[in-house]
Structures are given as structure tokens and as C-alpha cells.
Amino acid sequence: QVQLVESGGELVQAGGSLRLSCAASGRTFSSYTMGWFRQAPGKEREFVAGISWTGGSNSYSDSVKGRFTISRDNAKNTVYLQMNSLKPEDTAVYYCAGERRPYSPVVSTSQDEYRYWGQGTQVTVSS
């Protein structure tokens, strides 16, 4: 079992930066691909970024590519999302998630492949 707790969300002005953190409990955190998803009001939850269990591979949605960076520290059981050049359209609840299969060879962008979810952290970007 993996339990996830996000933090770092807050109100920020457009053009600003935030770093989200996701602390994981459980000895097997380092075995799982991790992802960040977000859900804006009235919209479906969408993939933002993912990082392989080794940290050697990652994936980003087109809307955040070049602005967001995902990373992980397996020694601290933590995954991060550095968000730069924030835009009002980045406003959403951001969720951390862990893939359902350990040692996955690919970084999935489908939320159906993620079994473990945090409670979410609110990011609000003002114009």
C-alpha cells in the first residue's frame, strides 16, 4: 500500500512559480511510477506529468511542457512538481498518483493506470 499527501498549493500571480510536494508512505514508493494530475472546476481530471520509478523517464502534457518539471527523491519518498510561468488556466486541484503496477516500463498518461491517489492541493493563479 502507498498513501500520498500533497502540499504546496496556494494562490499565486500569473507568471509566478510554485513547487508542489507529494509525500508517500510505504516501503515500496521507489518501485512505482508517479504522476501529477489536475482538475479544474467543471472539467475532467487531466494528466499533467509523470516520472518513472527510476526517475530516468518522464512525460508531460503539451499544456505544461517547458514550464513544469517533475522530479522525485526516493530516499525521501517524495515526488515534486516545479511549476514556473504559471497561467490562470493552470488553476486547479492538483493530485499526486501512483501507478497500480510496480516497475512499470512506461510512464502512463491515463488515470486508469494509477491506483493510489492523494487528497489534492489547490493551486489558484490570479491574472
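Between the OG atom of Ser31 and the CZ atom of Arg101 there is a distance of 13.5 Å, given to the nearest 0.5 Å. Taken from CG in Leu4 to OG in Ser25, the straight-line distance is 7.0 Å, to the nearest 0.5 Å. To the nearest 0.5 Å, the span separating CG on Leu11 from CD on Gln122 amounts to 9.5 Å.
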What verdict does the side-chain contact (heavy atoms from CB on, under 4.5 Å) test give for Glu89 and Val125, after you've listed the backbone C-alpha separation in whole Å, the side-chain angles of each residue and the deciding distance to 0.1 Å? CA-CA 8 Å; Glu89 51 263 44; Val125 184; over 6 Å; no
Could you check Thr69 against Tyr80 for side-chain contact (heavy atoms from CB on, under 4.5 Å), going step by step and ending with a plain yes or no? CA-CA 8 Å; Thr69 303; Tyr80 303 98; over 6 Å; no
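Remark: Arg115 engages no residue in a side-chain hydrogen bond (donor to acceptor under 3.5 Å, both in side chains) (not counting sequence neighbours).
Nearest heavy atoms, Ser127 versus Pro88: CB-CG, 3.9 Å. Closest heavy-atom contact between Gln82 and Ser17: NE2-CB, 4.0 Å.
Taking 4.5 Å as the limit, some side-chain heavy atom of Ser108 sits within range of a side-chain heavy atom of Glu99. Put simply, the side chain of Phe29 reaches to within 4.5 Å of the side chain of Arg72, judged on heavy atoms. The closest side-chain heavy-atom distance from Glu6 to Leu20 is not below 4.5 Å. Using a 4.5 Å heavy-atom cutoff, the side chains of Glu113 and Thr33 are not in contact.
Counted within 6.0 Å of CD on Gln119, heavy atoms from surrounding residues, nucleotides or ligands total more than 12; the atom is thus considered enclosed.
Within the structure, the disulfide (SG to SG under 2.5 Å) test picks out the following pairs touching residues 41-127 (sequence neighbours left out): Cys22-Cys96.
Checked options Val123, Asp90, Thr121, Leu81; the residue passing with Arg38 is Asp90 (criterion: side chain to side chain contact (heavy atoms under 4.5 Å, CB included)).
By the 4.0 Å N-to-carboxylate-O rule, Lys65 lies close enough to Asp62 to be salt-bridged with it.
One hydrophobic cluster, built from ILVMFWY side chains closer than 4.5 Å, holds both Met34 and Trp36. Ile51 and Trp53 are assigned to two separate hydrophobic clusters, defined by single-linkage of ILVMFWY side chains at heavy-atom distances under 4.5 Å.
Apart from Tyr95 itself, the hydrophobic cluster it occupies contains Phe37, Phe47, Val93, Val107, Tyr114, Trp117, where clustering links Ile, Leu, Val, Met, Phe, Trp and Tyr at side-chain heavy-atom distances under 4.5 Å.
Classified by interplanar angle (parallel below 30°, tilted 30° to 60°, perpendicular above 60°), the ring pair Tyr94/Phe68 is tilted.
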